[in-house]
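The next block holds one structure in the form of structure tokens; read it before the comments.
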There are 2 protein chains.
Amino acid sequence: MTKLVKTITNSPVPAMNPRISDSALRRLSHYMRFLEAFEAAGRGTVSSEELADRGGTTSAQVRKDLSHFGSFGKRGLGYPVPELRARLAAILGIDRRWNVALVGAGKLGAALHAYDGFRRRGFHVVAVFDADSRKIGRRWGSLTVEDVACLETSVREKEVEIGIVVTPADAAQEVADAMVEAGITAILNFAPAKLVLPENVTLRDVNLAIELEALCFALTHDGWIVGR
Amino acid sequence: MTKLVKTITNSPVPAMNPRISDSALRRLSHYMRFLEAFEAAGRGTVSSEELADRGGTTSAQVRKDLSHFGSFGKRGLGYPVPELRARLAAILGIDRRWNVALVGAGKLGAALHAYDGFRRRGFHVVAVFDADSRKIGRRWGSLTVEDVACLETSVREKEVEIGIVVTPADAAQEVADAMVEAGITAILNFAPAKLVLPENVTLRDVNLAIELEALCFALTHDGWIVGR
DNA sequence: TATTGTGAAAGGGTTCACAGCG
DNA sequence: CGCTGTGAACCCTTTCACAATA
């Protein structure tokens, strides 16, 4: 989950470079946000320096990151804000709607479902599943909590492309397997479990305990500082 | 938030090595979990190979990671499970209780508050704050939602060391400032905002939109595969 | 013999510095 | 002149390979 290696060449983005690091990808998301702010502020142009200042990187880093996908700036001038924002949106793949399914109708699932930031970025939760018969049938806004046993049918019907696992750790693997079976190839996993998935499925983990433990490490080792 | 650089040498852990990468730190958390499983299974000893298999790394990586903090194994035998688990817990700083404050009594805050995995690892949510007068005074289990204006007093009184920001983006910076004012030096931020904090404060961000965008990138660039 | 601990080599991400161009 | 785009240098992380040793 650290690098991306090019294998075929039919993607919508020209992609001169075959690789991009996970950290570069994260930075692109940040630039995206900064560009939205600049655009809202009516700025027509930004320099790599300005983009860098906002995100705690360097201008060289910004230029390198962008250069993986083409050259969008004008020398002596900087980058045209609306154009670059649009190009970045296309590169990240957020210039369209994505259907998302949540599995696990617990508190965390509810929080994600209610989170407005998702919808605003084109992520639509179109299905919620659970294994608990007391939760199945409940209304979640315009959705009804479905039986996880119906996952495959429903996911195919609703054209879900992204799955979010918000179950307890012990259910996570079988839920992920069902997602894969239903044709989902991108999974965001909040369960503290190491999922084993086919090569063609992209997985990202969000592990809250690990983040807290990293904070503890820093607190415990007071003589160590967290470097940039 | 990528490296740790040693500056003083009075930490409880000997720490022969002055640096450890963020990725190594994450792996240590994973080893911790595997060791707990091995211990529960009654295993007296594990090899770096076995630890690596579970976590998708290599045995050399495991040995290197551990070697930053000392040498815990026996050549030809492997690592003693209970001892290594205890040592790792001490290294990560999770061999004690940590008091945590949540700011933002919304759905995500509620989910984190209810999350059992935290308490099980020694993280105790001892205070919840919000700015919304309709939420202030509500009972959350044994806690009462407090006015964020009282944050400093309450945080000092309850000896909170870790703060979790679960507010909307526009409130995040001032909440973080208040936390720092109250003496908190470790912050976990869920708000999609770039926080600016003093050097001595450790910050970690969990940005759900960025994780989803990375999935989109992978889905959009179908010819690219996510490498290890 | 099996497996650790670790220098040395390899790999790859970041920074530097400057040529190229508006 | 100002700022981008980029090859080269640098630096850090991972991998390799083997000496050390229970």
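Since this is a predicted model, take the numbers as computed values, not measurements.
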Stepwise salt bridge (Lys or Arg N to Asp or Glu O under 4.0 Å) check, B:R85 with B:D95: CA-CA 10 Å; B:R85 193 203 43 68; B:D95 55 346; over 6 Å; no

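- The side chain of A:R63 sits closest to C:dC18 out of C:dC18, D:dC18, D:dG7.
- Taking side-chain N and O atoms only, B:S21 has no distance below 4.0 Å to OP1 or OP2 of D:dC12.
- For the OP1/OP2 pair of C:dT15 and a distance below 4.0 Å, the side-chain nitrogens and oxygens of A:T58 include at least one atom meeting the criterion.
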Verdict with reasoning, B:E213 to A:R121, per side chain to side chain contact (heavy atoms under 4.5 Å, CB included): CA-CA 9 Å; B:E213 284 171 15; A:R121 300 199 163 278; 3.5 Å; yes

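- You won't find any donor-acceptor pair under 3.5 Å spanning the side chain of A:R75 and the base of D:dG2, going by distance alone.
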Do any side-chain atoms of residues 183-190 of chain B form donor-acceptor pairs under 3.5 angstrom with protein atoms, and if so which ones, sequence neighbours left out?
from, atom 1, to, atom 2, distance (Å)
B:N189, OD1, B:A191, N, 2.9
B:N189, ND2, B:A191, O, 3.0
B:N189, ND2, B:A193, O, 3.3
B:N189, ND2, B:D205, OD1, 2.7

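- Against DNA chain C, the stretch residues 37-49 of chain B makes heavy-atom approaches under 4.0 Å through B:S47, B:S48.
- Between the CG atom of A:L51 and the C1' atom of D:dT4 there is a distance of 13 Å, rounded to whole Å.
- Each of B:A60 and A:L77 was matched to the nucleotide of DNA chain C holding its nearest heavy atom; the match closer to the 5' end belongs to B:A60.
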Stepwise side chain to side chain donor-acceptor pair (under 3.5 Å) test for B:D177 and B:Q173: CA-CA 6 Å; B:D177 290 342; B:Q173 182 66 56; 2.9 Å; yes

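- Remark: B:Q61 is not in phosphate contact with D:dT13, judged by side-chain N or O atoms under 4.0 Å from OP1 or OP2.
- At least one side-chain nitrogen or oxygen of A:S23 sits closer than 4.0 Å to the OP1 or OP2 atom of C:dT14.
- For the OP1/OP2 pair of D:dG5 and a distance below 4.0 Å, the side-chain nitrogens and oxygens of A:Y79 include at least one atom meeting the criterion.
- For the pair A:R54 and A:F38, the distance from NZ or CZ to the six-membered ring centre is under 6.0 Å and the angle to the ring normal is within 45 degrees.
- Under the 4.0 Å criterion applied to side-chain N and carboxylate O atoms, A:E159 and A:R97 are not assigned as salt-bridge partners.
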